[in-house]
Amino acid sequence: MLRVYNTLTQSKQEFKPLHDNHVGMYVCGVTVYDLCHIGHARSAIVFDTIYRYLQAKGYDVTFVKNFTDIDDKIINRANKEGLTTAQVSEKYIEEYYRDMDRLGLKKPTHEPRATMHVQGIIDFIKGLIEDGYAYESNGDIYFSVRKFDGYGKLSGKNIDDLESGARVEPGEAKDDPLDFALWKASKPGEPSWDSPWGKGRPGWHIECSAMSTSYLGQHFDIHGGGMDLIFPHHENEIAQTEAFTHKPFVSYWLHNGFVQINKEKMSKSLGNFFTIREILDRYEPQALRLFILMHHYRSPIDFSDQSLKEAEKALYRGYASLRFVQSLPVQGKPALSSENLGAFMQKLSEYEACFYNAMDDDFNTAGALSGFFDLMRLINTHFKDATSKPDTEAVKKLNTFVKSAVEILGVFDNDPQLFLSSRREKRLAWLGLAAGEIEQKIAQRALLRKEKKFKDADKIRSGLLKQGIAIMDTPAGTVWDIAEE
RNA sequence: GGCGGCAUAGCCAAGUGGUAAGGCAGCGGUCUGCAAAACCGUUAUCUCCGGUUCAAAUCCGGAUGCCGCCUCCA
């Protein structure tokens with residue numbers, strides 16, 4: 001049974017979709033005016049994993065993730081660079097895909113853009129005005145927050161406490177400082193759309209209401225985003241949507257925690273951020289993904305080089321274990337005695353249960369990974385030096401679990417042999433070494449070892465290690481790899 | 001000021017009533033000519049104080065520290 005933490009009720013609840021096997025999920029995407037940073041990566045990875053897990057549970061998921069492609073920041077950027085807003089958003093949507101593809105994100109079902117839904121937004125606003133929830137003022141349209149009963153229910157805020165802190169932009173003519181813009185009259189030179197209230201453009205919050213309900217219906221299952229969106233963005237979405245539809249909007253609100261640097265929120269305004277690509281230039285994309293999944297999605301995570309290096313080591317170790325499974329002989333006598341087989345199967349079931357129970361408990365990927373790493377140890381114990389054919393039943397069960405787990409995690413899902421060898425080649429090129437050179441030295445060393453000239457043999461080994469190459473003598477001969485730092 | 005979260009081994013981090021997963025690092029051992037890798041063993045009573053309970057890291061109250069939201073933000 002899947003349980004999820006719902007921000008709305010501030011508690012874990014059993015997950016029950018509205019329409020039997022179908023799940024509608026909407027996640028707030030990015031405003032495309034700049035490169036994405038690690039915080040965006042976390043949100044994307046978290047909800048990608050949730051999407052994958054819901055599918056693995058057999059749900060038919062409609063996953064909608066938007067692009068905000070019209071907004072003050074985009075207009076500013078366009079002015080600064082002498083481009084149109086469309087050119088700016090187009091450029092950063094491309095950059096977004098370049099990053100997200102490297103992170104192994106599955107394509108959502110729909111990725112709508114606000115500018116493609118302006119008519120729906122206008123219709124939405126019209127309805128709100130007709131019902132008396134919104135009003136016009138100098139070509140702007142505002143939502144009357146006090147007219148909506150229940151404002152503050154998501155963020156746990158009291159409407160009267162908010163009053164004092166509310167901000168009014170110069171030139172705004174709101175009836176109440178808490179009211180927020182649904183539609184903004186355009187200034188000269190700004191992109192605009194025709195509307196019953198003159199030329200203008202959508203406010204931020206309304207696009208998500210219009211797009212989510214258009215794809216998923218007026219009441220759908222999951223709405224997600226970063227914790228900073230709880231207020232005011234999601235609070236406003238609830239107000240305007242429920243005012244419009246007179247129905248509950250979303251069943252489960254899911255929010256991911258922040259990425260921090262030295263215990264401080266990573267953000268544009270603080271300037272303490274890393275873009276996704278500068279990190280991916282230095283670390284394996286799957287290491288970043290693994291790092292994020294080793295923490296619960298609602299907790300803050302502190303980002304550091306050390307953490308990424310640790311995740312990378314764990315990543316390689318996992319792939320190395322999976323490579324053993326891949327290279328098992330298919331013939332020969334059975335590798336496991338019957339009592340070993342029994343113990344093996346029992347542990348396998350145990351780790352599998354650990355994995356799925358953790359995922360069922362509010363997508364606890366960190367807990368699930370413990371089952372997965374336990375499994376890696378089990379593989380190393382039983383198969384590392386396997387020269388005989390392992391039990392077919394055991395391998396089959398093992399493969400089934402591994403395949404399903406890596407599909408859910410989006411980590412360890414490459415071909416282990418290819419992953420490790422391509423990594424080896426990359427690092428080799430970076431070190432400026434050639435494989436042939438290394439193998440030659442290993443052959444030299446083998447001769448010396450045969451002659452028991454261990455001192456000279458060890459010299460070759462330590463020389464290679466200084467160059468960043470580690471060698472290992474195995475029953476099957478000497479193998480080499482890039483030495484870890 | 002209002003609202004919310006967090007505090008678990010050297011570091012990172014799961015665990016929300018029955019005597020502490022996992023990752024990284026360390027130490028001891030097996031293997032090895034010696035190593036490496038792998039495996040085995042080992043490393044915490046859960047910030048502090050008080051309370052509830054047969055039983056609490058886990059519930060309640062208080063203290064201290066850190067963080068987030070209340071303004072654009074994943």
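Side chains included, hydrogens not; waters and symmetry mates left out as well; all remaining heavy atoms used. The chains referred to below are lettered A, B, ... by the order of the sequence lines, with proteins before strands, and numbering in each begins at 1.
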Strictly below 4.0 Å, N to O, side chains only: are A:R298 and A:D362 in salt-bridge contact?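 A:D362 and A:R298: salt-bridged.
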
*asked:* Does this structure show an ion pair linking A:D160 with A:R146, if we count only N-O contacts that are shorter than 4.0 Å?
replied: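 Salt bridge flag = yes for A:R146 with A:D160.
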
Using purine N1 to pyrimidine N3 plus N6-O4 or O6-N4 for Watson-Crick, or N1-O2 and O6-N3 for G-U wobble, both under 3.5 Å, which nucleotide pairs with [N]?
N      : answer
B:rG61 : B:rC49
B:rC34 : none
B:rC69 : B:rG2
B:rC24 : B:rG10

Measuring from the side chain of [X] (C-beta onward, heavy atoms only), which nucleotide among [options] has the closest atom?
X      : options                : value
A:R377 : B:rG23, B:rA14, B:rA74 : B:rG23
A:K265 : B:rG68, B:rC70, B:rA14 : B:rG68
A:D473 : B:rG33, B:rC11, B:rA14 : B:rG33
A:R317 : B:rC11, B:rG23, B:rG68 : B:rG23
A:E310 : B:rC24, B:rA35, B:rG22 : B:rC24

- A:I442 CD1 to A:E439 CD distance, which is reported to the nearest 0.5 Å: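 A:I442 CD1 to A:E439 CD: 6.5 Å, rounded to 0.5 Å.
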
Does any N or O in the side chain of A:N6 come within less than 3.5 Å of the main-chain N or O of A:W253, such that one atom is a donor and the other an acceptor?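 Yes; judged by distance alone, with no hydrogens or angles, the pair exists.
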
**Asked** According to a strict under-4.0 Å criterion, is A:K263 in side-chain N/O contact with OP1 or OP2 of B:rG65?
**Response** no

Check this one for me: any side-chain N or O of A:N380 less than 4.0 Å away from OP1 or OP2 of B:rC39?
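Affirmative; the distance criterion is met.
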
Could you work out the separation of [N] and [M] based on their [atom1] atoms and round it to a whole Å?
N      : M      : atom1 : result
B:rA14 : B:rC54 : C1'   : 28 Å
B:rC3  : B:rA63 : P     : 14 Å
B:rC46 : B:rA37 : P     : 34 Å

Query raised in the report: Side chain of A:R42, base of B:rA74: donor and acceptor closer than 3.5 Å?
Result: no

In A:R289, A:R42, A:K107, the residue satisfying salt bridge (Lys or Arg N to Asp or Glu O under 4.0 Å) with A:D48 is A:R289

